[in-house]
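Since the model is a prediction, treat every value here as computed from it, not as a measurement.
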Amino acid sequence: MASKLNPAYAYTVLYVKDVEKAVAFYSKAFGINVRRLDNSRRWGELESGQTTIAFTPIHQHETDEVTGEVHTFQSKRERGPIEVCFDYADVDAAYKRALENGAEAVSPPEQKEWNQKVGYVRDIDGMVVRLGSNVTPQKH
C-alpha cells in the first residue's frame, strides 16, 4: 500500500524577542523580501524560496505550554544547534551589508577548502547566520 504522506519542508521558525524588528532586520541586512507580518505582530514571514523563514515570539502560551520554553543564549560563546544560511554571488558585499544593517561580526568571509566562500554574523537576537557562496564542485 502506497503512503499518502508526501511531506514538503514548509517552514523554519525562528523564535525572537521582537517579531517586527526581526523581520525588518532580516529584510535590510540580508536583502530578503517580507512576505507578511500579521496584524498582531506575533508572526512574520520572509520570501525565501520553497521554504518559508518565519518569526514568532520567544515566549507564548501556545508553544511554551505544549512543547516547552525556548532557551536563549547566555553568552557570545554559545550558539544554537541550528544556523540560518544564505547563498550569495558576492559574499563580501553581503557580509558588509549585514554589518551596516545591525548584524554583529563573527568571522569575515574566507575561502574554504570545500570550494565555498563563507562568513558568519549574529542577528539581533544572537543567532548565527552563515553567508556563503554557492558550493561549486571541485575539479579533479
In terms of heavy-atom contacts, L99 and E104 come closest through CD2-C, 3.9 Å
Quick check: closest heavy atoms across Y15 and P57, and the distance to 0.1 Å? CD2-O, 3.3 Å
Using a cut-off of 6.0 Å, state whether more than 12 heavy atoms not belonging to N39 lie near its atom CG. no
Who pairs with T51 by side-chain hydrogen bond (donor to acceptor under 3.5 Å, both in side chains), at least two apart in sequence or on another chain? none
State whether the side chain of D18 and the backbone N or O of E20 hold a donor-acceptor pair below 3.5 Å, judged by distance alone. yes
Show the nearest heavy-atom pair for residues Y95 and S107, with the distance to one decimal. CE1-O, 3.4 Å
OG/S40 to CG/L37 distance, rounded to the nearest 0.5 angstrom? 8.0 Å
Using side-chain heavy atoms (C-beta onward) and a distance below 4.5 Å, is L14 in contact with V84? yes
Where is the tightest heavy-atom contact between V91 and G119, given as atom of each residue plus distance? CG1-N, 4.3 Å
With a 6.0 Å cut-off (strictly less than), is the heavy-atom count around CD of Q50, excluding the residue itself, greater than 12? no
If you measure only the distance, is there a donor-acceptor pair under 3.5 Å linking the side chains of R42 and T56? no
Only one of Q111, K117, K112 passes side-chain contact (heavy atoms from CB on, under 4.5 Å) with N115, and that residue is Q111
For W43 against R36, the heavy-atom pair lying closest together: CD1-NH2, 3.1 Å
I124 vs K21, test: side-chain contact (heavy atoms from CB on, under 4.5 Å). Steps then yes/no. CA-CA 9 Å; I124 59 175; K21 284 182 183 176; 4.1 Å; yes
Would you sort out whether V13 and Y11 count as a side-chain contact (heavy atoms from CB on, under 4.5 Å), showing the intermediate values? CA-CA 6 Å; V13 179; Y11 288 90; 4.2 Å; yes
Decide yes or no for F55 and L46: does some side-chain heavy atom of the first lie under 4.5 Å from some side-chain heavy atom of the second? yes
Shortest non-hydrogen pair, R41 vs V19, comes out as O-CB, 3.3 Å
Take E83 and V129 through the side-chain contact (heavy atoms from CB on, under 4.5 Å) test and state the conclusion after the steps. CA-CA 6 Å; E83 63 186 35; V129 178; over 6 Å; no
Does P108 reach the side chain of E110, with side-chain heavy atoms less than 4.5 Å apart? no
Min side-chain heavy-atom separation D87-Q116 under 4.5 Å: yes
Expected list for residues 23-32: side-chain donor-acceptor pairs under 3.5 angstrom, two or more places apart:
| unit_1 | atom_1 | unit_2 | atom_2 | d |
| --- | --- | --- | --- | --- |
| Y26 | OH | D123 | OD2 | 2.7 |
| S27 | OG | I32 | O | 3.1 |

Per the side-chain contact (heavy atoms from CB on, under 4.5 Å) rule, which among I53, N33, T52 passes with E45? T52
